[in-house]
Amino acid sequence: MDLNFKDITTIGFDADDTLWVNETYFREAEEAFTALLEPYETKNTIDQELFRMEMRNLELYGYGIKGFMLSMIESALELSNGRVSQKTIAQILDLGKKMISHKLELLDGVEEVLETLSKKYRLLVLTKGDLLDQERKLKNSGLIDYFHHVEVLSDKKASNYKRLLEHLEVETSEFLMVGNSLKSDVLPILELGARAIHVPFHTTWVHEEVQPEEHSNTHLTISGLRDLLTHLN
Ligand SMILES: [Mg+2]
């Protein structure tokens with residue numbers, strides 16, 4: 001494990017479930033969706049069908065709430081054999097709108113950590129999701145001034161990071177990524193030869209889960225964002 005961060009000049013932060021709560025609202029919406037569709041199928045089948053639909057549509061819609069809303073509607077049509085009522089469709093749309101307009105909840109210590117680190121490092125936000133939704137959240141977060149650059153990526157593979165770092169003229173040897181997803185924020189970064197710190201959130205979307213044997217041991221895992229100050233200050 002490389003605990004030496006002395007060459008780091010630039011730190012990339014994931015946003016959802018790293019700076020603020022996100023996955024929790026998806027879980028809540030999924031539960032509400034399941035309750036709406038219970039007349040047609042079992043909870044298990046509804047869960048599985050929705051996830052399958054999200055995966056099938058990911059390439060078409062990308063990440064974010066709007067794609068999730070469309071997948072819920074399509075799943076509702078399939079699970080009910082087209083019998084789902086207009087009222088239920090309207091309720092599903094409301095679930096999505098409620099997610100989009102949910103009050104932003106910053107995670108513990110975020111402001112303090114960013115304020116401190118921004119004095120010494122160049123900070124970036126690197127996130128997936130809907131462009132408009134992420135821009136709205138950043139604006140509402142009051143954190144925007146701590147960041148030199150914000151990038152909403154369509155995906156977080158090594159190639160996406162590589163292109164961005166080249167564009168920003170940041171060497172991989174001076175870059176550190178911080179995020180809650182091993183799959184999106186840690187593994188592709190290690191693949192590039194940059195460094196990563198994993199800050200797990202209590203809930204992880206199944207799509208973002210990786211098996212332990214799939215990742216190497218060369219990143220650092222911390223239990224909360226505040227721990228960054230111990231390693232980087
Ligand atoms: Mg995240």
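In each ligand, atom 1 is the first atom listed, and ligand 1 is the first ligand listed. The chain is numbered in sequence order, starting from 1. Just so it is clear, the values below take in all heavy atoms, side chains as well, and ignore hydrogens, waters and symmetry mates.
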- prompt: Does the shortest distance from the Mg ion (ligand 1) to an N/O/S atom of D185 fall below 2.8 Å?
  reply: no
field: Metal check, the Mg ion (ligand 1) vs N180 N/O/S, cut-off below 2.8 Å
entry: yes
message: Under a 3.5 Å threshold, yes or no: a donor from one side chain and an acceptor from the other, between D7 and S173?
response: no
query: Does any N, O or S atom of E23, backbone or side chain, fall under 2.8 Å from the Mg ion (ligand 1)?
result: no
message: Could you tell me if E111 and Y146 have a donor-acceptor pair between their side chains, going purely by distance under 3.5 Å?
response: yes
- request: Measure up the Y25 and H102 rings against each other and bin them: parallel (under 30°), tilted (30 to 60°), perpendicular (over 60°).
  value: parallel
- request: Would you please say whether a donor-acceptor pair under 3.5 Å links the side chains of D16 and Q134?
  value: yes
- request: State the atom name: nearest N, O or S atom of D14 to the Mg ion (ligand 1).
  value: OD2
- prompt: Below 4.0 angstrom, N of the basic side chain to O of the carboxylate: do K43 and D47 qualify?
  reply: yes
- request: Name whichever N, O or S atom of D16 ends up nearest to the Mg ion (ligand 1).
  value: O
